[in-house]
Peer 1: 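Following this message is one structure expressed as structure tokens.
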There are 2 protein chains.
Amino acid sequence: MAGVKDVARLAGVSVATVSRVLNDSASVTDATRARVLAAVDELGYRPNAVARSLRTDTTRTIGLVIGDILNPFFTELARAIEDQARASGYSVVIGNADERPERQDHYVRTLLEQRVDGLLLCPTAEITPLVRDVVSGGAPLVFLDRTLPGLDVPTVRADGAAAIAELVRHLARLGHRRIAFVSGPALLSTGRERTEAFKAAMEAAGLAVRPEYLEAGDFQAASGRAAAARLLDLPEPPEVVFAGDNLMALGALDEIRARRLRIPADVGIASYDDVPWFTHVDPPVTAIGQPVQELGRRAVRALLERIEGRPVEPAVLDARLVVRRSCGEPADEPGDEGNGSEGSGRP
Amino acid sequence: MAGVKDVARLAGVSVATVSRVLNDSASVTDATRARVLAAVDELGYRPNAVARSLRTDTTRTIGLVIGDILNPFFTELARAIEDQARASGYSVVIGNADERPERQDHYVRTLLEQRVDGLLLCPTAEITPLVRDVVSGGAPLVFLDRTLPGLDVPTVRADGAAAIAELVRHLARLGHRRIAFVSGPALLSTGRERTEAFKAAMEAAGLAVRPEYLEAGDFQAASGRAAAARLLDLPEPPEVVFAGDNLMALGALDEIRARRLRIPADVGIASYDDVPWFTHVDPPVTAIGQPVQELGRRAVRALLERIEGRPVEPAVLDARLVVRRSCGEPADEPGDEGNGSEGSGRP
DNA sequence: TTGTAAGCGTTATCAT
DNA sequence: ATGATAACGCTTACAA
């Protein structure tokens with residue numbers, strides 16, 4: 001494969017001049033520039049980014065480790081991040097942790113070895129030694145969607161507490177009293193916080209938080225299904241199951257459907273996260289939507305600031321309730337149509 | 001950041017020895033190996049993959065350019081590819097073309113400059129000059145899901161012709177005669193072939209292919225919605241709309257729902273691609289599922305063979321029909337339960 | 001404006 | 001078994 005040297009020889013200049021033309025740095029005659037460019041495409045020269053990075057100690061690349069690539073929340077997030085990064089001249093390398101600490105570590109390690117300029121991490125449940133090292137090592141790092149307890153890292157995330165409170169009030173108003181919550185891993189901020197918010201909201205609404213109505217999953221579909229099964233097997237099953245993320249909601253729907261139960265007559269369902277297909281479920285699913293696009297934009301902005309060594313403002317955005325029909329809402333209530341998730345990617 | 005040199009100094013050996021230990025190549029005394037390893041983690045040394053790649057001219061990385069990261073078909077595919085690649089010691093860098101040729105080119109170029117060892121490409125509609133260059137340049141390349149006309153590149157894809165024929169027969173048996181098809185871009189093999197298969201199947205079933213029932217979209221949701229709108233505005237609208245991929249089916253559902261039409265009484269719907277949420281739509285959507293996991297496995301296998309310079313077997317797998325309720329199927333027909341997509345990622 | 005040459009962190013060749 | 005050193009393809013002082 002052709003290199004600067006070949007280009008230089010063909011254009012009758014030095015390698016330095018070729019480099020200057022390619023990076024339009026310093027001053028070059030229009031004549032020589034033209035000759036170099038001609039040589040470049042005669043040879044089909046493609047600059048070697050590996051060599052360039054070794055020399056400049058920068059890759060113009062950021063790493064993104066997401067929780068689960070099968071989760072639409074994360075893919076939408078990845079999309080937003082990608083767009084924003086590209087606009088700033090950065091490429092994004094995505095790693096899929098599949099919600100497993102060891103796989104997260106695999107990618108963090110790989111990305112670090114590949115010398116990404118910065119890292120966007122949606123941390124999995126445990127604080128691994130590696131993550132601790134990276135944090136103390138001072139590599140440009142921003143947590144996304146989730147925090148880890150006791151680690152001083154700038155974080156960009158959505159706060160669902162207000163929306164969860166609104167949801168609980170909404171359910172109480174509809175006459176529901178037995179409400180179950182399927183949370184994410186307690187070690188995860190998104191798991192813990194949503195649970196705390198739920199408990200607080202229940203108490204504020206004067207509803208009892210029964211321990212048997214507090215289930216925990218791992219944010220993936222199978223665990224949502226299992227949790228729903230346990231809840232429905234209870235002597236006194238809940239009137240509404242509120243799933244802590246969209247995949248667990250999908251799992252719960254699977255279970256409800258397998259039992260041929262009717263929504264909302266037999267059991268109602270609500271979901272944290274809003275996804276495009278919720279409007280087409282029978283009946284459409286009441287959900288809490290996160291500002292995914294904005295989350296992505298802020299995350300990239302924050303990381304680039306860290307990379308450039310500037311101080312960074314952590315961001316906490318608000319999630320919001322989207323009322324539909326899956327909790328026994330009367331047919332004339334608003335919110336039935338339309339899609340609540342900002343940036344669903346469908347213009 | 002610490003390098004081999006630092007490790008060597010601390011361990012009291014030469015850089016060559018450090019390298020040997022790190023790559024467990026050649027023979028090293030247990031004693032020195034131990035000292036080197038100790039030095040490595042005392043310094044928190046992380047090998048620089050950039051330098052290594054420059055020297056070895058290999059990155060143990062493959063590039064994957066997908067059509068649309070918001071399309072669950074592609075994310076499931078990406079997941080399968082990732083798993084298979086990791087098992088073979090490769091990392092995957094994903095680029096999202098968003099079905100746009102210029103964005104596809106952006107990633108192809110970037111990945112090539114980053115010197116990926118091979119490229120998995122789901123080509124967008126046009127044959128761009130860049131793609132043509134890459135093909136003739138002989139870089140390890142495998143087309144995935146789609147082919148481009150007149151280009152001699154090994155391809156791994158699913159053939160839906162048989163399943164489409166089965167779907168049409170199924171619809172005919174249910175008494176439908178006015179069936180519309182929303183295809184993908186004609187320039188894309190997946191667009192063209194599905195259309196041809198549809199036409200052939202219609203004729204074989206003795207049904208007329210009306211030109212006004214042949215719509216074209218771009219595989220994204222908005223175009224599916226627009227096409228559905230045009231079809232439903234026809235003086236004699238179709239009895240069933242068959243969408244050429246899952247996103248256009250989502251768009252069509254959006255439109256049908258906005259018009260408060262009932263499925264399948266007012267209009268039936270079927271989709272190429274099966275996705276997990278189709279079972280929860282009212283009524284569950286009849287679809288054609290692709291063997292996504294297997295597609296991913298084969299693609300990686302084929303690319304690795306090309307990388308190692310071995311000849312490669314192109315693969316054509318079969319898609320298959322999953323009958324549900326959205327086309328007026330009687331309630332006792334099988335296929336109502338369950339999820340047709342192989343590897344939906346939900347154990 | 002252009003050229004020469006050093007150096008980025010590895011691996012690999014050739015000695016020892 | 002280990003060490004010295006060249007080379008990978010590029011950018012960037014520094015010289016001319």
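Labels below follow one simple rule: chain letters A, B, ... track the order of the sequence lines, proteins then strands, and each chain is numbered from 1. Remember, it's a predicted structure, so these values are computed and weren't measured experimentally.
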Peer 1: Quick one: which residue pairs count as a salt bridge (Lys or Arg N to Asp or Glu O under 4.0 Å) with a foot in residues 46-65 of chain B, not counting sequence neighbours?
Peer 2: none
Peer 1: Please report, rounded to the nearest Å, how far the P atom of dC10(D) is from the CG atom of D57(A).
Peer 2: 18 Å
Peer 1: Does a nitrogen or oxygen in the side chain of T29(A) sit under 4.0 Å from OP1 or OP2 of dT2(C)?
Peer 2: yes
Peer 1: Go along nucleotides 11-16 of chain D 5' to 3' and tag each nucleotide: B for a protein heavy atom under 4.0 Å from its base, S when only backbone or sugar atoms are that close, - otherwise.
Peer 2: BB----
Peer 1: Run the side-chain donor-acceptor check on residues 90-99 of chain B: report pairs under 3.5 Å with partners two or more places apart or on a different chain.
Peer 2:
unit_1, atom_1, unit_2, atom_2, d
N96(B), OD1, I69(B), N, 3.0
N96(B), OD1, D98(B), N, 3.1
D98(B), OD1, R79(A), NH2, 2.8
D98(B), OD1, Q220(B), NE2, 3.1
D98(B), OD2, R79(A), NH2, 3.2
D98(B), OD2, R100(B), NH1, 3.0
E99(B), OE1, R146(B), NH1, 3.1
E99(B), OE1, R146(B), NH2, 3.3
E99(B), OE2, R146(B), NH2, 2.8

Peer 1: Rounded to whole Å, how long is the line connecting atom NZ of K5(B) with atom C1' of dT10(C)?
Peer 2: 11 Å
Peer 1: Keeping to residues at least two apart or across chains, list the salt bridge (Lys or Arg N to Asp or Glu O under 4.0 Å) pairs with something in residues 61-73 of chain A.
Peer 2: none
Peer 1: Please give, in whole Å, the distance from dG9(C) P to E113(A) CD?
Peer 2: 15 Å
Peer 1: Once salt bridge (Lys or Arg N to Asp or Glu O under 4.0 Å) is applied, do any residues pair with R132(A), and if so which ones, sequence neighbours excluded?
Peer 2: none
Peer 1: In chain order, what residues pass the side-chain contact (heavy atoms from CB on, under 4.5 Å) check against S19(A), with sequence neighbours excluded?
Peer 2: N23(A)
Peer 1: How is V50(B) classified with respect to the nucleic acid when contacts are heavy atoms under 4.0 Å: base, sugar-phosphate, or nothing?
Peer 2: nothing
Peer 1: Would V142(A) and V153(A) satisfy side-chain contact (heavy atoms from CB on, under 4.5 Å), going step by step from the backbone distance to the final call?
Peer 2: CA-CA 6 Å; V142(A) 168; V153(A) 174; 5.6 Å; no
Peer 1: Is the shortest distance from a Lys or Arg side-chain nitrogen in R301(A) or E305(A) to a carboxylate oxygen in the other one below 4.0 Å?
Peer 2: no
Peer 1: Write down the distance between CG (N48(A)) and P (dG9(C)), rounded to a whole number of angstrom.
Peer 2: 17 Å
Peer 1: For residues 9-34 of chain B, pull every pair meeting salt bridge (Lys or Arg N to Asp or Glu O under 4.0 Å), keeping only residues two or more places apart or in separate chains.
Peer 2: D6(B)-R9(B)
Peer 1: To the nearest Å, give me how far apart CZ (R46(A)) and P (dG9(D)) are.
Peer 2: 16 Å
Peer 1: Heavy atom of residues 37-44 of chain A under 4.0 Å from DNA chain D: which residues?
Peer 2: none
Peer 1: Taking for each residue the nucleotide of DNA chain D with the nearest heavy atom, is it R115(B) or V13(B) whose nucleotide lies nearer the 5' end?
Peer 2: V13(B)
Peer 1: Send over the distance from R35(B) CZ to dT2(D) C1', rounded to a whole Å.
Peer 2: 11 Å
Peer 1: Remember a base hit wins even if backbone is also touched, and classify T32(A) as base, sugar-phosphate or nothing at under 4.0 Å, heavy atoms.
Peer 2: sugar-phosphate
Peer 1: Quick one: list whatever passes salt bridge (Lys or Arg N to Asp or Glu O under 4.0 Å) with E308(A), sequence neighbours left out.
Peer 2: R310(A)
Peer 1: Between dA6(C) atom P and L54(A) atom CG, what is the distance in whole Å?
Peer 2: 17 Å
Peer 1: Where the side chain of A51(B) is concerned, which of dT4(C), dC10(D), dT10(C) is the nearest nucleotide?
Peer 2: dT10(C)
